[in-house]
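Report on the following structure.
In what follows, chains are A, B, ... by sequence order, proteins preceding strands, each numbered from 1.
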Amino acid sequence: MIREVRNRIKEILQNAIDTAVQSGDLPHVNTPDIPFSPTKAPEHGDIASPIALSLAKTAKTSPRKIAESITRHIHLEESSLIRKVEVAGPGFINIYLSKIWVYNVLKTIKEAGANFGHSNHGAGLRVQVEFVSANPTGPINIVSGRAAAVGDALVNLLHAVGYEAVREYYVNDAGGQVDNLGASIDVRYRELLGQGGLKIPDGGYHGTYLIDLAQSIVDEDGDKFLRFDDTDRGTIFRDLGIERLLGTQKATLERFGVHFDTWSSEKALRVSGKPDEIIEVFRQRGYLYEADGATWFRMTDFGDTKDCVVIKSDGEYTYFVPDAAYHRDKFERGFDKAIDLLGPDHQGHVEHLKHLVEALGLGDDWLEVWIIQQVNLIDSEGNRIEMSKRSGQFYTLDALIDELAEAVDDRFAVDVARYFFLMRSNTSHLDFDLQLAVTQANENPVFYVQYAHARCCSIFREMESQGIVQTEIGEAQSELISDPESLQLIRHLAEYPEVVLNSAEKREPHRLTHYLYELAGLFHGFYNEHRVLDPSNANLTQVRLMLVGGVQTVLRNGLSLLGISAPESM
RNA sequence: GUGCCUGUAGCUCAGCUGGAUAGAGCGUCAGCCUCCGGAGCUGAAGGCCGGGCGUUCGAAUCGCCCCAGGCACACCA
């Protein structure tokens, strides 16, 4: 429902409730914000309100009676917007709008254009979204790919509804993981130079990409690193590995169309001394104690089952310290809210993170942490490949895009991947059926949506070639739209702004994906049933062109928020 | 063992703050182009919404208890 119409109807219903209460027709009740629900069938009007249903509890009357009292006090002459109201089902107030609303919707879309669906709901609040943040120890896999698609779309959505949102990637370029990387590269390096009996260390990385990396070192510098002792060589290979692998990750994400505003380095953070400050703060607040040669954080003070080590007996910080420092740093940079999208392997960390932030006194709802669930790939032989960074078994985002590019047009490979990642709710484990995506690419839902857009464009091209010029239409002409398919489309178009808002506020871009799919379906149905360019009826042609323009605008806006292209032809 | 996620049509999944006959794609079956793009459309078949109890006028949705699958539970990140 577009805002103006919604507010007007709200007013009318509120007035009706007030007069009903004044006249004693309705017991005195506190009315909540009047809810609306889109109607599923034309017999239910253009919009419905379940307000009577929600009042029933406190009013201690049956919902139907309440609905009848309310509707009795609606004076239709008050507003030319509402044509008819009806009480239906358990107590829904079904509202039928007069034809002027068709005009309102189409005109609103046309005037807003690329901004239709946007709002200033967020009031410029600064939101930082951190996502992907994969360790720089390997290529971006499809689990991170999913997070990349979701995070990117989420930032777009937040922007659309008035937040000042930014994308950030936290590079874990310090700590034990990257030391393991260096040691793993070292093993590969020495293996390539003929040393036998070597083993990838515990916690190291087994992926074959490190053989390639080591080979490139051998190609460039031969065996010159053998001169160094193991520790120095590990350090050299660590830094070199981070640089190369991070470069690979950046390239992949660019290719995937995700552009981060900020790349934060854990190493730089550690050098800054901020982790030390965190320890000071925690110590002052009494959250720390010493035991077994280590320093522990009282996670149990925050309801956790056990305390956590923050300084190991070797004097090194565990990841809790830089993580806490990093989040405080976000806060100090002035973000009103931080949203972390974490991978499924960090589930246990979610609560810890919130507790650390709480211990820093950053406020309860300042940090939001969401798990973007795992992705399994069904490969072209039908084998299920479970993603696990630690086992060294993974399917890279690059490989996925390559495979899609080969099967479908190059220019749509990224679109298909992003769409698939954005089809499911974040909490749902996703089976990416490559076999299906590849062999049935032509029936892919992303093409279904894109095709609807291309079809709109095609109609306008045809319009031009027939020498038809689009004119301003007036309210009178808009009344020519009376067929069910068109009205259904109008109703759906009018929902768009709310879908955008809900997708952003619930952090669930998949809602928009589903909406667009439905819109495409309604449009294909409309198209099949009606001729837009009707030589025998110039007025109808004009109003239908405006409708097609509305569909085109919404499809384009929506796809753009998802980071998916809206092709003019396919 | 503890925590998180999931369980809806043969398969993969939607189902918004509880609300009207539980939806879609794929698959199966049957149809639609003298006409703006058939990557489309129409129809049919297919469901004790994992199970139970509870809250409610009303539960796929909320609460509790089970069952099943996945993941996480380091002086790793």
Side-chain angles (χ1 to χ4, degrees), chain A residues 32-33 35 37-41 43-44 48 50 53-54 56-57 61-64 88-92 94 133-135 137 172 174-180 202-203 266 292-296 304-306 308-314 316 318-320 322-323 344-351 371 373-374 376 378 386 388-390 423-431 433 436 440-445 447-448 450-452 454-455 457-463 465-466 498-499 502-503 506 508 510-511 513-514 517-518 520-521 523-525 527-534 548 569-570:
Chain A
D33 190 34
S37 57
T39 51
K40 287 175 194 157
E43 312 87 86
H44 295 151
L53 297 160
S54 39
K57 209 161 282 176
T61 322
S62 85
R64 271 202 81 99
F92 281 97
N94 289 340
S133 296
N135 287 343
T137 53
N172 296 113
Q177 298 294 332
V178 287
D179 290 338
N180 288 335
D202 284 348
E266 179 183 350
D292 305 326
T295 303
W296 297 70
D304 215 89
T305 48
K306 49 189 168 192
C308 298
V309 169
V310 285
I311 306 177
K312 297 190 272 181
S313 47
D314 66 3
E316 290 289 321
T318 61
Y319 62 95
F320 291 112
D323 262 17
D345 51 338
H346 289 73
Q347 268 166 25
H349 190 40
V350 175
E351 285 306 304
I371 297 289
Q373 273 296 346
Q374 64 191 87
N376 296 314
I378 314 294
E386 308 211 343
S388 166
K389 290 177 208 167
R390 311 274 157 84
M423 264 174 20
R424 308 285 157 73
S425 61
N426 303 336
T427 50
S428 162
H429 302 194
L430 184 152
D431 275 350
D433 192 337
L436 201 76
Q440 305 186 341
N442 287 353
E443 277 133 27
N444 229 310
F447 294 130
Y448 186 81
Q450 288 181 319
Y451 183 60
R455 206 170 220 182
C457 296
S458 162
I459 292 170
F460 284 111
R461 280 195 297 272
E462 180 63 21
M463 174 194 84
S465 75
Q466 289 185 16
E498 280 180 71
V499 172
N502 287 335
S503 303
K506 303 263 181 186
E508 292 181 342
H510 79 280
R511 291 169 186 250
T513 315
H514 281 272
Y517 188 83
E518 282 168 9
F523 177 68
H524 287 311
Y527 178 88
N528 216 257
E529 196 65 31
H530 305 285
R531 245 196 114 66
V532 176
L533 303 172
D534 184 348
V548 173
S569 65
M570 300 179 67

Under 3.5 Å between N/O atoms: give me all the protein pairs with nucleotides 9-12 of chain B, atom names plus distance.
unit_1: B/U12; atom_1: O2'; unit_2: A/Arg424; atom_2: NH1; d: 3.4
unit_1: B/U12; atom_1: O2'; unit_2: A/Arg424; atom_2: NH2; d: 2.8

**Request:** Would you mind telling me which residue lines up with the more 5' stretch of RNA chain B, A/Asp323 or A/Tyr527, judged by nearest nucleotide?
**Result:**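 First, find each residue's nearest nucleotide; the 5'-ward one identifies A/Tyr527.
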**Item:** Toward the 5' end of RNA chain B, by each residue's nearest nucleotide, A/Ala454 or A/Lys306
**Value:**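 Looking at RNA chain B, the more 5' nearest nucleotide goes with A/Ala454.
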**Asked** Does some side-chain heavy atom of A/Tyr319 sit less than 4.5 Å from a side-chain heavy atom of A/Glu266?
**Response**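 Sidechains of A/Tyr319 and A/Glu266: no contact.
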**Message:** I'd like to check the side-chain contact (heavy atoms from CB on, under 4.5 Å) partners of A/Ala294; sequence neighbours left out, ordered by chain and number.
**Reply:**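 Counting only residues at least two positions away or on another chain, A/Ala294 forms a side-chain contact (heavy atoms from CB on, under 4.5 Å) with A/Trp296, A/Val309.
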Just call it for [X]: base, sugar-phosphate, or nothing, with non-hydrogen atoms closer than 4.0 Å on any strand.
X: A/Glu266; answer: sugar-phosphate
X: A/Asp292; answer: base
X: A/Ser458; answer: base
X: A/Gln347; answer: base

**Prompt:** Within the pair A/Thr318 and B/A74, is there a side-chain N or O less than 4.0 Å away from OP1 or OP2?
**Reply:**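 Looking at the OP1 and OP2 atoms of B/A74, neither is under 4.0 Å from any side-chain N or O of A/Thr318.
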**Asked** At under 4.0 Å, does any side-chain N or O of A/Arg455 touch on OP1 or OP2 of B/G38?
**Response**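 Yes.
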**Message:** Is it the case that the side chain of A/Ser458 and the backbone of A/Ala454 share a donor-acceptor pair, with hydrogens and angles ignored and the cut-off at 3.5 Å?
**Reply:**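 The answer is no, because no donor-acceptor pair under 3.5 Å joins these two groups.
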**Item:** Chi class for B/C33: syn within 90° of 0, otherwise anti
**Value:**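 Judged by the O4'-C1' to base torsion, B/C33 sits in syn, the angle falling within 90° of 0.
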Can you sort out the partners of [X] under side chain to side chain donor-acceptor pair (under 3.5 Å), two or more places apart, ordered by chain and number?
X: A/His349; answer: A/Asp323
X: A/Asp534; answer: A/Ser536
X: A/Thr295; answer: A/Glu290
X: A/Glu508; answer: A/Arg511

Inter-nucleotide [atom1] distance ([N], [M]), Å rounded:
N: B/C67; M: B/U12; atom1: C1'; value: 23 Å
N: B/G10; M: B/C16; atom1: P; value: 22 Å
N: B/G58; M: B/U21; atom1: C1'; value: 15 Å
N: B/A74; M: B/A14; atom1: C1'; value: 39 Å

**Item:** CG/A/Asp202: more than 12 non-hydrogen atoms of other groups inside 6.0 Å
**Value:**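 Count not over threshold, so no.
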For the side chain of [X] and the base of [N], is some donor closer than 3.5 Å to an acceptor across the two?
X: A/Ser428; N: B/C13; value: no
X: A/Tyr451; N: B/A39; value: no
X: A/Gln374; N: B/C71; value: no

**Message:** Strictly under 4.0 angstrom, non-hydrogen atoms only: write out the protein contact profile of nucleotides 16-23 of chain B, one letter per nucleotide from the 5' end, B, S or -.
**Reply:** SBBBBB--
**Item:** For A/Asp431, salt bridge (Lys or Arg N to Asp or Glu O under 4.0 Å) partners two or more places apart
**Value:**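 Per chain and number, A/Asp431 pairs via salt bridge (Lys or Arg N to Asp or Glu O under 4.0 Å) with A/Arg384.
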Only counting residues at least two apart or in another chain, list the ones meeting ring pair (Phe, Tyr, Trp, His ring centres under 6.0 Å) with [X].
X: A/His530; result: A/Phe526
X: A/Phe460; result: none
X: A/Tyr527; result: none

**Message:** Could you spell out the base pairing of RNA chain B as a dot-bracket line? Use Watson-Crick and G-U wobble contacts where both distances are under 3.5 Å, [ ] for crossing pairs, | for partners on a different strand.
**Reply:** (((((((..((((.....[...)))).(((((.......))))).....(((((..]....))))))))))))....
**Message:** Closest approach to the side chain of A/His510, judged atom by atom: which nucleotide of B/G15, B/G37, B/A77 is it?
**Reply:**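 When the side chain of A/His510 is considered, B/G15 is the closest of B/G15, B/G37, B/A77.
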**Per A/Tyr517 side chain, nearest of listed nucleotides B/C75, B/G25, B/A77** =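 So the nucleotide nearest the side chain must be B/G25.
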